[in-house]
K.L.:
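One structure, as structure tokens, below. Some questions next.
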Amino acid sequence: MPRKSRAVTPPRKAAGPWNQVQWESWAQLFKRAQGGDSEAYRQFLEEIGPILFSYVRRRVFNPEMVPDVYQEVLLTLHKARHAYEPSRPLGPWLFTVARNSILDALGKNRKFAEKEVQLEVLPDVGEMERDGSLDDQLYQGLQSLPELNRKAVELLKLKGLTLEEAAAQLGISVAALKVRAHRGYHQLRKLLKGKGT
């Protein structure tokens, strides 16, 4: 189990890009770890650690906070590992856990949260970075969307899936996905404009 520590050694640099075969290999390791295989869990953390560390580093401006937030992500992942369903893709689940953990870790000290999280302004949802982090208003706006629209926006704009991948994950046609996403974008723009964002 990952231990909380102030002196976290950054993992080796992440090598990429990662293909579907690699993600399936990690999913198998994680599934074995869920079953109590500690060696599989150690290997999984060793291989996925650099990816998560890079994910955290891109979202936290203060370099001194990165190791602590990274450690929080590992702890959250450890606590949530039973919730992963092996029939689902590992990547989207993993990065959702990581993103929420980052927001929680920084949210514990609200005076730092706004300064430390890389914020995004969303004047045009089409320009939103595919893997960008969320500020509080955008996060709250997303959470207030109807679930069908929210999932479409998250898969396309936060997880960076293609239309085909997102449609397959939701079990709908590409055309239906486009409709849900368009409605989500429209609702999100309206919500953010109402808040003066």
Side-chain angles (χ1 to χ4, degrees), residues 1-109 113 116-118 129-134 139 142 151 154-171:
M1 172 179 174
R3 296 177 184 174
K4 188 169 183 178
S5 169
R6 285 286 186 198
V8 177
T9 303
R12 57 184 170 73
K13 187 175 180 181
W18 309 281
N19 58 31
Q20 186 64 29
V21 174
Q22 183 62 70
W23 277 108
E24 287 171 5
S25 171
W26 288 330
Q28 286 302 315
L29 283 174
F30 199 62
K31 182 179 178 181
R32 286 168 43 202
Q34 285 180 308
D37 186 334
S38 58
E39 177 58 27
Y41 192 38
R42 183 203 59 75
Q43 185 180 346
F44 172 79
L45 290 175
E46 183 178 296
E47 293 183 17
I48 212 73
I51 297 169
L52 289 177
F53 189 82
S54 176
Y55 185 84
V56 171
R57 191 176 54 218
R58 290 196 312 267
R59 285 157 179 78
V60 179
F61 275 144
N62 185 341
E64 293 178 5
M65 291 187 69
V66 171
D68 287 341
V69 175
Y70 168 67
Q71 192 70 1
E72 287 293 332
V73 169
L74 290 181
L75 287 167
T76 303
L77 175 64
H78 181 76
K79 291 175 186 174
R81 69 190 188 284
H82 68 280
Y84 170 64
E85 297 177 22
S87 62
R88 308 289 288 176
L90 176 64
W93 179 85
L94 181 71
F95 290 119
T96 297
V97 170
R99 184 189 76 229
N100 291 340
S101 180
I102 291 168
L103 290 171
D104 288 345
L106 294 175
K108 288 175 184 175
N109 192 339
E116 301 305 337
V117 178
Q118 181 178 344
E129 289 184 13
R130 286 165 43 134
D131 68 336
S133 58
L134 302 176
Y139 179 77
L142 268 175
K151 284 185 177 179
E154 286 181 343
L155 290 176
L156 292 172
K157 297 301 178 183
L158 299 180
K159 309 283 189 307
L161 300 184
T162 65
L163 287 169
E164 292 75 16
E165 290 169 339
Q169 186 163 330
L170 294 175

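Quantities reported herein were computed from a predicted structural model and do not represent experimental measurements. The residues of the chain are indexed from 1 along the displayed sequence.
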K.L.:
Provide the closest heavy-atom pair for Val56 versus Val66 in the form atom of the first, atom of the second, distance.
P.N.:
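Heavy atoms of Val56 and Val66 come nearest at CG1-O, 3.9 Å.
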
K.L.:
With sequence neighbours left out, what residues match Glu39 under side chain to side chain donor-acceptor pair (under 3.5 Å)?
P.N.:
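Listed in chain order: Arg42.
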
K.L.:
Kindly confirm or rule out a cation-pi arrangement of Arg81 over Phe44, judged by NZ or CZ under 6.0 Å from the six-membered ring centre and within 45° of its axis?
P.N.:
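Not flagged: Arg81 not positioned over aromatic ring of Phe44.
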
K.L.:
Can you see which heavy atom on Trp23 is nearest to which on Gly91, and at what distance?
P.N.:
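Heavy atoms only, the tightest pair is CZ3-CA, 3.7 Å.
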
K.L.:
Who are the side chain to side chain donor-acceptor pair (under 3.5 Å) partners of Gln43, not counting sequence neighbours?
P.N.:
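Side chain to side chain donor-acceptor pair (under 3.5 Å) check on Gln43 returns Glu47.
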
K.L.:
For Ala33 versus Ala40, what's the shortest heavy-atom pair and its separation?
P.N.:
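Closest pair (atom of Ala33, atom of Ala40, distance): N-CB, 4.2 Å.
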
K.L.:
Apply side chain to side chain contact (heavy atoms under 4.5 Å, CB included) to the pair Asn100 and Thr76, showing each step before the final yes or no.
P.N.:
CA-CA 9 Å; Asn100 291 340; Thr76 303; over 6 Å; no

K.L.:
Is there a side chain to side chain contact (heavy atoms under 4.5 Å, CB included) between Arg57 and Ser54? Walk through the geometry before answering.
P.N.:
CA-CA 5 Å; Arg57 191 176 54 218; Ser54 176; 4.0 Å; yes

K.L.:
Not counting sequence neighbours, which residues clear side chain to side chain donor-acceptor pair (under 3.5 Å) with Asp37? List them please.
P.N.:
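Counting only residues at least two positions away or on another chain, Asp37 forms a side chain to side chain donor-acceptor pair (under 3.5 Å) with Arg32.
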
K.L.:
Heavy-atom count around Glu85 CD within 6.0 Å, excluding the residue itself: above 12?
P.N.:
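At most 12 heavy atoms, drawn from other residues, nucleotides or ligands, come within 6.0 Å of this atom.
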
K.L.:
So among Thr96, Leu75, Val73, Leu77, which one has a side chain to side chain contact (heavy atoms under 4.5 Å, CB included) with Ser101?
P.N.:
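Single side chain to side chain contact (heavy atoms under 4.5 Å, CB included) partner of Ser101 among Thr96, Leu75, Val73, Leu77: Val73.
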
K.L.:
Taking all non-hydrogen atoms of both residues into account, name the closest pair between Leu45 and Leu74 and its distance.
P.N.:
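Shortest heavy-atom separation between Leu45 and Leu74 comes out as CD2-CD2, 4.3 Å.
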
